[in-house]
Amino acid sequence: MTIAAGKEPSTLDVSVGPQHPGSGHFRLLIRVDGDQIVSVDPDIGYVHRGCEKIAEYRTAVSNIPHLERPCIIDAIHLNWGYVLPIEKLQGVVVPPRGRYIATIAAEMNRIMSHLYWLAINAGVFSGHTTIFMYGFGDRDLFIELAEMLTGARLTYSFLPPGGPRRDLPSEFQQRLTKLLNYFERRLVEYDRIFFSNPLVTARTKGIGVLKKDEAIKLGVTGPVLRASGVKYDVRKVQPYGAYADLEFDIPTYEEGDSYARFMVRFEEMKQSVRIIRQALEKIPKGPIARKAPLVIPEGEAIGRVESSRGELAYFVMGDNSDKPSRVKVMNGSFRNLIAMPYLLRNVHIADMPIIYGGLDYWPLEADR
Amino acid sequence: MSQETLQDFAGVWIGKISEVVKSITGSGPIKYMINWSRMYALWPVHITTACCSAEFGAMMGPRLDPERFGLQAVAGGLRQCDLLIVEGTVTKKMAKRLKIVYEQMAKPRYVVAMGDCACSGGLFHDSYSIVNDVHKIFPVDVYVPGCPPRPEALLSAIIKLREKIRRQEVFA
Amino acid sequence: MTAPNPSREEALVSKLKEHFPEAIKTSKIEGTHEITLSFEKGKLLDIARYLRDELGFDHLKGIIGIDEPTHKIIKVLYVAASFSKPELLDLLVILETPLDRANPAIASAVSVWPSAHFHERETFEMFGVKFEGHPDLRKLLTLDNWEGPPPMLKDLKFPEMGQR
């Protein structure tokens with residue numbers, strides 16, 4: 001950490017750099033006055049790989065692995081959001097069974113991403129390393145099932161334009177139901193170990209309060225928005241996939257502090273289990289995919305999905321060739337970035353990992 | 001005797017004594033003990049470079065338990081760590097900081113290049129902001145291909161690195 | 001959610017057109033969830049304030065830049081939406097305007113929509129568009145990494161993998 005003299009005589013500029021147990025691939029330039037943070041300047045771009053520029057040089061289908069890598073733990077949502085505007089432009093409608101399979105895979109991915117958040121952003125950043133082991137242990141069980149369905153552990157590339165690549169294997173439904181029964185018992189344990197733990201509640205209640213009108217003005221999204229009292233979820237507002245036929249709730253809390261953000265994600269895991277159970281019962285028979293052309297016709301389209309970190313919108317512009325002429329990614333982490341300098345003012349240094357962990361900022365996704 | 005001859009005399013004897021110490025500790029059971037202690041306490045640095053860090057986290061989990069090999073993710077300090085795992089794509093902005101981190105680690109230090117992007121540029125090889133050859137920044141000991149490599153592949157790379165440490169000279 | 005009223009989008013477009021007769025040039029309604037309006041760049045702040053205060057579009061989802069070297073323009077698109085009005089939750093209003101490619105500049109929307117802060121910094125860095133009035137306009141993603149021209153312009157071609 002480099003240290004430099006701050007502007008006023010009593011302040012100090014500290015760089016919580018890319019090499020820090022509590023920061024990830026991202027730097028925060030903090031100005032501190034004793035133990036209080038005065039202001040914060042986020043320095044991003046350590047993982048900027050130029051995904052939008054590369055997208056103009058690859059064909060529409062071979063773009064999928066590139067656009068999946070920004071948030072590798074949430075790959076199905078990044079894949080689905082990219083494919084929705086292309087299917088709109090090409091006029092391809094995915095058959096119902098394909099949409100149900102994509103929904104099941106997406107909700108499994110949401111559980112995996114929230115378990116990763118729980119293990120690292122909520123666990124390691126606040127010093128609770130037991131939940132790190134629990135979170136990664138259970139996540140591996142879901143990864144095994146995803147590997148059975150798609151063939152890969154993390155980078156699925158499962159949804160080309162037209163529908164999923166593979167149908168559900170024969171034992172998949174049984175194993176998934178067994179895993180969901182086990183996972184629901186584990187969620188009770190997580191509540192006892194972590195979410196009702198007096199140490200965790202003392203560190204998170206009342207910290208980093210984001211009120212409802214401020215959240216709307218700053219344009220934050222995802223669990224951060226729902227923890228501040230705004231009931232907004234793309235799955236209900238503009239349903240895609242099979243969400244229009246399934247019943248689920250949107251957990252919303254009014255307080256807007258870090259504890260509310262933690263609890264929103266915990267409740268979302270429970271709702272995902274509910275969605276998967278219903279989808280496994282209601283899934284119809286039939287074809288899973290339609291053949292889509294290789295060429296993107298001329299035009300522009302926007303497609304939106306609700307990823308684990310918030311609303312993910314893709315803008316795709318085609319010009320009658322097999323390569324898109326412009327792809328723009330508007331993702332949850334980049335939109336939530338503005339909450340960081342806003343919330344990290346006049347707090348203790350020890351509250352910084354809690355606030356950062358509650359926002360679930362994934363630097364790779366924001367940098368693309 | 002004058003001051004200079006006294007200093008030359010002492011210098012020659014100190015040189016001879018250090019050679020004797022090196023030849024005793026650089027071979028035989030003492031070399032085995034020193035290399036054994038180095039290979040059983042490899043602490044990785046807490047720097048995540050890009051997306052392969054998700055599989056690095058999975059390796060540190062309870063399934064594979066690398067702590068039985070001595071790999072502990074200690075949030076202590078940079079100077080106590082001796083393993084730098086370059087996980088994934090290295091951008092030009094991050095390459096500068098990786099070099100600083102590498103130079104701050106105390107010797108002996110080892111580098112594992114994890115993932116296709118660290119080995120040779122990988123999926124993003126023609127991007128304008130990344131560094132394709134990491135071996136030009138610092139010397140790499142083990143390369144692990146894969147996108148991302150399975151946690152078992154990374155653990156087997158660590159085991160190969162331990163074999164390399166067991167065989168190497170003490171005063172390299 | 002009940003199906004949206006089919007003339008909700010037309011009602012909004014006609015309200016905007018009667019309030020800003022010369023500034024709003026063309027409009028397009030895409031399905032039931034998207035309205036695209038092209039406007040004259042000088043009136044950005046007035047249109048933005050009207051959208052926010054009268055119609056309830058309170059945040060920006062993103063700012064998209066599109067480079068078109070054949071027409072010698074850089075198009076800038078603002079994607080605005082509403083969190084507070086329940087009847088407008090699924091609607092996206094896209095405002096687009098062409099800027100001169102040699103010297104692209106437009107007023108900053110941060111005073112109306114604070115959510116535009118980081119989006120404008122990124123568009124400045126990737127396309128070279130200057131947003132006048134932005135409190136802190138500097139490079140965001142490639143700060144000490146890239147010394148050349150703005151990367152997303154079509155002038156910058158990659159050495160391999162299909163020239164454009």
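Chain letters run A, B, ... following the sequence lines, proteins first and then strands; every chain starts at 1.
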Residues A:E300, C:K28; criterion salt bridge (charged side-chain N to carboxylate O under 4.0 Å, His left out); working and verdict:
CA-CA 12 Å; A:E300 314 171 343; C:K28 191 168 67 157; 5.3 Å; no
Worked check of side-chain contact (heavy atoms from CB on, under 4.5 Å) between C:F118 and A:R335
CA-CA 8 Å; C:F118 282 103; A:R335 284 173 58 185; over 6 Å; no
Checking A:E52 against C:M126 for the side-chain contact (heavy atoms from CB on, under 4.5 Å) test, could you report, in this order, the C-alpha distance in whole Å, the side-chain angles of both residues, the deciding distance, and whether it holds?
CA-CA 10 Å; A:E52 296 181 359; C:M126 291 289 161; 5.9 Å; no
Pairwise distance [atom1]([X]) to [atom2]([Y]) - rounded to 0.5 angstrom:
{"X": "A:I302", "Y": "C:H33", "atom1": "CD1", "atom2": "NE2", "value": "12.5 Å"}
{"X": "A:T221", "Y": "C:K61", "atom1": "OG1", "atom2": "NZ", "value": "6.5 Å"}
{"X": "C:E122", "Y": "A:F334", "atom1": "CD", "atom2": "CZ", "value": "4.5 Å"}
{"X": "A:L337", "Y": "C:R121", "atom1": "CG", "atom2": "CZ", "value": "8.5 Å"}

Please classify the contact of [X] with chain C as side chain, backbone, both or neither, using a heavy-atom distance under 4.5 Å.
{"X": "A:V47", "result": "neither"}
{"X": "A:D41", "result": "side chain"}
{"X": "A:K88", "result": "side chain"}

Keeping A:K53 on the side-chain end and C:L153 on the backbone end, is there a donor-acceptor pair under 3.5 Å?
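Yes, because the side chain of A:K53 sits within donor-acceptor range (under 3.5 Å) of the backbone of C:L153.
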Any side-chain heavy-atom pair from [X] and [Y] closer than 4.5 angstrom?
{"X": "A:M330", "Y": "C:I64", "value": "yes"}
{"X": "A:F315", "Y": "C:L77", "value": "yes"}
{"X": "C:D58", "Y": "A:K217", "value": "no"}

Report, as yes or no, whether the 6.0 Å neighbourhood of atom NZ on C:K41 holds more than 12 heavy atoms from other residues, nucleotides or ligands.
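Correct, the count exceeds 12.
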Heavy atoms from other residues, nucleotides or ligands near NZ of C:K17 exceed 12 (cutoff 6.0 Å):
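More than 12 within 6.0 Å, yes.
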Per-residue contacts, residues 95-106 of chain C versus chain A, heavy atoms under 4.5 Å
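Answer by number: none.
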What part of C:I63 is in contact with chain A, defined as an atom under 4.5 angstrom from a non-hydrogen atom: side chain, backbone, both or neither?
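The backbone, not the side chain.
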Of the backbone (N, CA, C, O) and the side chain (C-beta and beyond), which part of C:S82 lies under 4.5 Å from a heavy atom of chain A, both, or neither?
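Contact with chain A involves the backbone of C:S82 alone.
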Keeping to residues at least two apart or across chains, list the side-chain hydrogen bond (donor to acceptor under 3.5 Å, both in side chains) pairs with something in residues 243-254 of chain A.
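The answer is A:Y100-A:D245, A:E107-A:Y243, A:D249-A:R274.
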Answer yes when C:E68 and A:R326 have at least one side-chain N-carboxylate O distance shorter than 4.0 Å, and no when they do not.
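A salt bridge is absent here (no side-chain N lies under 4.0 Å from a carboxylate O).
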Can we say C:E34 and A:R304 salt-bridge, meaning some charged N sits less than 4.0 Å from an Asp/Glu carboxylate O?
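Result for this pair is no, no salt bridge flagged.
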Taking every non-hydrogen atom, the tightest pair across A:I216 and C:S84
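Nearest pair, atom of A:I216 first, then C:S84: CD1-CB, 4.3 Å.
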